[in-house]
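Have a look at the structure below, then the notes.
Heads up: numbering here begins at 1 and tracks the sequence.
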Amino acid sequence: MVWTGTWVSDRLGIELAGDDELRGLLGLALRRNPKRAHLLVSGVLGKHVPQLPSVVHGHGVTLGRRVRALLGPEEAARAVVLGYAETATALGHAVADGLETAPYLHSTRRPVASVPSAGGFEESHSHATSHLLLPEDPAFFDRGGEAGRGPLVLVDDEFSTGNTVLNTLRDLHARHPRDHYVIVALVDMRAAGDAGRLAAFAEETGARVDVVAHARGTVRLPENVLARGLRLVEEQDGRTADPLVPCAPAVAPVRLELGWPAGLPDGGRHGFTPDHRARLREALPAMAARIVDGLGGPEQAGRVLVLGFEELMYAPLVLARALEEAGLDMRFSTTTRSPVLAVDDPGYAIRTRLAFPAHDDPADGPGERYAYNVAGGGFDTVLAVVDSAADTPALHAPGGLLAQLATAAPRVALAVVPAHTPVPRTPDRQEPPVLPAPLRGPDFSSYEPDDVGWLLQDLSAVRLEAPVEEREEAVQRGGAHYAESLPVEYQPTEEYQELYRDALAGSAARIARAVGTVTELVLAERSPRPVLVSLARAGTPVGVLMRRWARHRHGTELPHYAVSIVRGRGIDANALRWLAAHHDPADVVFVDGWTGKGAITRELADALAGFPGFDPEIAVLADPGSCVRTYGTREDFLIPSACLNSTVSGLISRTVLRDDLVGPHDYHGAKFYRELSGSDVSRDFVAAVEDRFDEVADAVDQQVKEAASADRAPTWEGWAAVERISEEQGIHDVNLVKPGVGETTRVLLRRVPWKILARRGAGADLAHIRLLAEQRGVPVEERDDLPYTCVGLIHPRYTRGATGADGKAVGSA
């Protein structure tokens with residue numbers, strides 16, 4: 001292959017000397033700049049030359065890991081990273097990714113009146129010399145803890161004379177002195193004299209200065225190269241060799257909605273923390289899937305270029321990387337302010353250019369901007385990614401960026417990232433504590449880590465269990481709430497376990513059909529990329545199965561979390577805040593196992609009133625109460641996961657909400673019963689149902705087709721039936737009437753039952769109910785007029801020693 005610096009080297013005598021890999025990293029071009037003739041054009045930076053996103057990001061991450069090894073874990077944990085606008089903004093991000101724990105900031109040329117400058121410096125050879133440092137957190141450069149300020153890692157694409165770095169070091173050392181600096185670059189091209197100036201700074205300040213680079217060398221410049229270079233540019237312009245594409249008419253690009261997480265900064269212009277990094281990583285698969293869907297799939301998208309926007313490099317880069325991982329033929333590059341000569345020659349690094357007016361109302365006034373090597377790149381689709389500040393009429397105008405891109409590719413798309421609006425921190429503005437990441441198996445729950453993330457706190461070490469009778473008495477007397485303690489976990493007899501196994505074998509296909517139906521309805525009617533949020537814990541096995549169906553049938557990996565909701569006290573507000581910060585609330589679909597009378601459905605709607613954007617409609621496996629419109633079935637049949645407690649729900653307890661355990665910034669709590677692992681059937685239950693997915697696929701398609709045209713509006717028949725039964729039985733409290741097989745099972749396992757109403761002839765669906773009732777001495781009354789298969793009645797006036805409806809003492813579970 002011809003080296004992309006050959007054309008310049010042959011005409012001006014500029015040479016690269018140094019490591020063997022230099023020519024693989026760098027080419028040469030000519031600047032339209034009276035301060036410097038040549039431009040070192042990186043092939044792995046993702047600025048002027050379209051490149052594989054994995055290559056661009058990988059080079060930065062590798063440098064970050066080398067810095068981490070240099071510093072050691074303790075010092076790396078105290079470090080901060082600073083990148084240079086505009087070319088090194090994504091490179092600095094990637095270095096911070098490699099360091100893993102470091103916050104990141106990059107310089108900017110976009111001032112923000114509300115954010116005071118934390119420093120600045122000049123880049124003397126640049127076409128735009130002034131750099132601003134505008135961290136949202138004024139203490140950004142003071143990170144390090146009691147040991148003092150940690151190392152500062154400065155990242156640029158090339159380290160040529162060292163002037164910019166020295167300007168930065170002197171400015172920041174005067175404001176925030178520290179004893180260790182690390183300079184990071186793709187290439188270190190300093191001459192011996194330049195290296196000596198950096199050593200002099202270290203000696204002068206007493207600070208240690210290290211340099212980390214992929215390759216080292218120097219640029220050998222002949223005499224009068226600047227004047228000769230300017231003449232060469234003029235000659236090429238006179239020959240019209242620069243293939244500047246003329247203005248094109250305005251076009252309407254395909255606009256793609258990303259679902260960018262609310263509150264997540266668009267990059268490091270004002271600071272980007274490790275928590276921001278984790279949130280972005282978690283959101284990337286869903287955003288990439290939206291892009292793929294919006295482009296019509298990989299085949300229709302063809303060869304794709306994601307084109308970032310000046311300083312906005314990292315967000316487009318990681319989006320492109322996610323698309324590459326999704327199987328698209330991807331390249332990545334970015335628009336730029338840098339005016340460079342284009343020469344259509346294989347030995348020259350800048351083959352083509354597109355020129356267009358600035359479209360973000362820059363503070364230094366209007367000017368021309370450029371996209372290099374896009375025209376002639378063989379791209380079927382160009383996806384421009386800009387921030388909302390740059391989504392202006394100028395972007396869409398004739399001759400604007402989108403119109404110029406339309407001359408270079410048959411298809412143009414646009415995605416807009418919300419521009420972050422910083423809120424300066426002051427002493428009286430305290431940030432709430434960062435909410436922890438979801439708990440996952442095997443550390444918390446026996447499910448696979450990807451199956452569910454639990455937005456709960458682990459209370460496994462706390463004694464919370466109390467006998468059923470004590471809990472019931474306390475709850476009914478008003479001295480306690482049911483969520484303040486846990487019932488002693490019911491340990492099923494061998495006979496009962498055999499009933500469970502028989503029930504699972506007999507109903508796995510019926511459950512699979514309901515899982516498929518509700519999942520397909522969610523995908524078709526709620527969101528193509530839903531975020532499943534199950535209501536712990538009855539909803540969690542259903543959420544796991546819905547996630548498995550989407551993967552099995554569509555190859556789609558849906559995020560799934562479990563959150564706590566407590567009757568009378570609402571949903572976990574901190575869990576909602578975490579979800580809103582990491583996902584688009586419009587994509588969140590709440591999932592539960594079944595409806596009884598619809599109390600939780602109403603509870604959720606009330607709880608979400610203060611959280612705009614979330615849809616309160618629950619998707620359930622079974623809706624015998626006719627309380628929702630998104631369901632798998634309205635039959636009241638035995639769902640085997642209702643037969644057991646934690647041993648079919650990942651070994652997780654009911655959720656707990658108690659003031660002395662759950663603070664204002666805590667998630668609700670739950671326990672992980674590791675000691676019950678010998679009885680755990682959670683994964684077996686999921687596997688048994690998943691094994692039937694192919695068998696029921698046709699039936700699911702037919703059921704979804706029928707559901708699409710059916711009237712599925714809730715009638716709340718279940719609530720009306722419960723009110724009627726409550727009055728008939730003299731209970732006068734709907735909370736003590738638990739309709740449906742699932743709720744009746746809960747009554748027998750966790751409450752003090754009074755009696756069971758059963759539909760005559762219900763058969764196998766009630767075999768476990770009859771066994772539990774027999775074990776606890778609870779009468780079963782056959783009825784012909786029940787809208788449910790069965791109804792469990794909690795003892796309406798319970799005290800220890802109370803008798804059941806048959807006059808016998810109520811037994812303990």
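- A side-chain donor from one of His554 and Glu520 sits under 3.5 Å from a side-chain acceptor of the other.
- In this structure, Lys47 contributes its side chain and Thr335 its backbone to a donor-acceptor pair below 3.5 Å.
- Side chains of Asp443 and Asp458 form no contact here, defined as non-hydrogen atoms less than 4.5 Å apart.
- At a threshold of 4.5 Å between non-hydrogen side-chain atoms, the residues Val518 and Met546 count as touching.
- The line from CG of Leu535 to CD of Glu603 is 10.5 Å long, rounded to the nearest 0.5 Å.
- In this structure, Val318 and Leu280 have side chains that are in contact, with non-hydrogen atoms separated by less than 4.5 Å.
- Residues meeting the side-chain contact (heavy atoms from CB on, under 4.5 Å) test with Ser446, sequence neighbours left out: Leu651, Asp680, Ser682.
- From Leu521, atom CG reaches atom CD of Gln703 across 8.5 Å, with rounding to the nearest 0.5 Å.
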> Stepwise, does the side chain to side chain contact (heavy atoms under 4.5 Å, CB included) test hold for Ser445 with Leu439?
Replying inline: CA-CA 8 Å; Ser445 93; Leu439 301 171; over 6 Å; no
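- Salt-bridge annotation for Glu448 and Arg683: present, with a side-chain N of the basic residue lying under 4.0 Å from a carboxylate O of the acidic one.
- Ion pairing between a basic and an acidic side chain is recognised when a charged N comes within 4.0 Å of a carboxylate O; Arg553 and Asp701 show such pairing.
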> Does the side chain to side chain contact (heavy atoms under 4.5 Å, CB included) test come out yes or no for Leu383 and Ile291, once each step is laid out?
Replying inline: CA-CA 9 Å; Leu383 170 59; Ile291 293 173; 4.0 Å; yes
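- Asp97 places no side-chain N or O within 3.5 Å of a backbone atom of Val61 that could act as its donor or acceptor partner.
- The minimum heavy-atom distance linking Ala90 with Met313 is given by the pair CB-CB, 3.4 Å.
- Taking OG1 from Thr655 and CH2 from Trp454, the interatomic distance works out to 10.0 Å, rounded to the nearest 0.5 Å.
- In plain terms, the two heavy atoms of Val696 and Ala509 that are nearest each other are CG1-O, 3.5 Å.
- The residues Arg411 and Asp380 are annotated as not salt-bridged, no charged nitrogen and carboxylate oxygen being separated by less than 4.0 angstrom.
- A salt bridge between Glu695 and Arg692 is present, with a side-chain N of the basic residue lying under 4.0 Å from a carboxylate O of the acidic one.
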>> With side chain to side chain contact (heavy atoms under 4.5 Å, CB included) as the criterion, how do Leu52 and Phe332 come out once you've worked through the C-alpha distance, each side chain's angles and the decisive distance to 0.1 Å?
In response: CA-CA 6 Å; Leu52 290 169; Phe332 166 76; over 6 Å; no
Can you give each donor-acceptor pair under 3.5 Å made by side-chain atoms of residues 256-272, sequence neighbours left out, with the distance rounded to 0.1 Å?
from, atom 1, to, atom 2, distance (Å)
Trp260, NE1, Leu264, O, 2.9
Asp266, OD1, His420, N, 2.8
Arg269, NE, Thr108, OG1, 3.2
Arg269, NE, Glu311, OE1, 3.1
Arg269, NH2, Glu311, OE1, 3.0
His270, ND1, Leu134, O, 2.9

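- In this structure Glu617 satisfies the side-chain hydrogen bond (donor to acceptor under 3.5 Å, both in side chains) test together with Thr630, sequence neighbours excluded.
- Ala538 pairs by the side-chain contact (heavy atoms from CB on, under 4.5 Å) definition with Asp592, Trp594, Arg746, not counting sequence neighbours.
- Checked by atom type and distance alone, the side chain of Arg547 pairs as donor or acceptor with a backbone atom of Leu558 at under 3.5 Å.
- Nearest heavy atom pair, residue Val589 against residue Pro530, reads CG2-CB, 4.0 Å.
- Screening residues 279-312 for ring pair (Phe, Tyr, Trp, His ring centres under 6.0 Å), with sequence neighbours left out, gives Phe309-His359.
- Counted by atom type alone, Glu690 and Trp549 present zero donor-acceptor pairs between their side chains at under 3.5 Å.
- His583 is linked by a side-chain hydrogen bond (donor to acceptor under 3.5 Å, both in side chains) to Tyr561, counting only residues two or more places apart in sequence or in another chain.
- Side chain of Thr556 to backbone of Arg551: no donor-acceptor contact under 3.5 angstrom is found.
- Leu435 is listed as a side-chain neighbour of Tyr667, based on a closest heavy-atom distance under 4.5 Å.
- Defined by atom type and a distance below 3.5 Å, a donor-acceptor pair is present between the side-chain atoms of His57 and Arg321.
- The two residues Ser534 and Thr540 have their closest heavy-atom pair at OG-OG1, 3.2 Å.
- Between the side chain of Gln404 and the backbone N or O of Leu354, no donor-acceptor pair lies under 3.5 Å.
- For the atom pair OG (Ser564) and CZ (Arg654), the distance works out to 8.5 Å, reported to the nearest 0.5 Å.
- Ser649 places no side-chain N or O within donor-acceptor distance of the main-chain N or O of Ile652, the cut-off being under 3.5 Å.
- Of the charged side-chain nitrogens involved, none lies within less than 4.0 Å of a carboxylate oxygen, so that Asp450 and Arg548 do not count as a salt-bridged pair.
- Using a 4.5 Å cut-off on side-chain heavy atoms (C-beta onward), Trp578 and Pro438 make contact.
- For Arg712 (side chain) and Arg629 (main-chain N/O), a donor-acceptor pair under 3.5 Å exists by modelled atom type.
- Inspection of the Asn574 and His668 side chains reveals no N or O donor paired with an N or O acceptor under 3.5 Å.
- With Tyr631 contributing its side chain and Thr595 its backbone, the two residues share no donor-acceptor pair below 3.5 Å.
- With no hydrogens or angles considered, a side-chain donor-acceptor pair links Ser626 and Thr715 at under 3.5 Å.
- Here the closest non-hydrogen pair linking Arg513 and Ala699 is CD-CB, 3.7 Å.
- Judged purely by atom type and a 3.5 angstrom limit, Glu324 uses its side chain to pair as donor or acceptor with the backbone of Ser54.
- Looking only at side-chain heavy atoms (C-beta outward), Leu45 and Leu91 come within less than 4.5 Å of each other.
- One distance of note links CG of Asp360 with CG of Asp387; it measures 7.5 Å at 0.5 Å rounding.
- For Glu706, the CD atom is densely surrounded, since the number of other residues' heavy atoms within 6.0 Å is greater than 12.
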>> The test is side chain to side chain contact (heavy atoms under 4.5 Å, CB included); show your working for Leu621 and Leu545 and say whether it passes.
In response: CA-CA 10 Å; Leu621 191 67; Leu545 283 166; over 6 Å; no
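- Rounding to the nearest 0.5 Å places CE of Met330 at 9.5 Å from OG1 of Thr381.
- Between Arg110 and Glu310, no side-chain nitrogen of the basic residue sits less than 4.0 Å from a carboxylate oxygen of the acidic one, so the salt-bridge criterion is not met.
- With contacts defined as side-chain heavy-atom distances shorter than 4.5 Å, the pair Asp615/Phe590 does not qualify.
- A distance-only check finds no donor-acceptor pair linking the side chain of Arg331 to the backbone of Leu307 [under 3.5 Å].
- Note on ring orientation: taking the six-membered ring where Trp is involved, the planes of His93 and Tyr314 are parallel (angle under 30°, cut-offs 30° and 60°).
- Across every non-hydrogen atom of Leu456 and Ala670, the tightest pair is CD1-CB, 3.8 Å.
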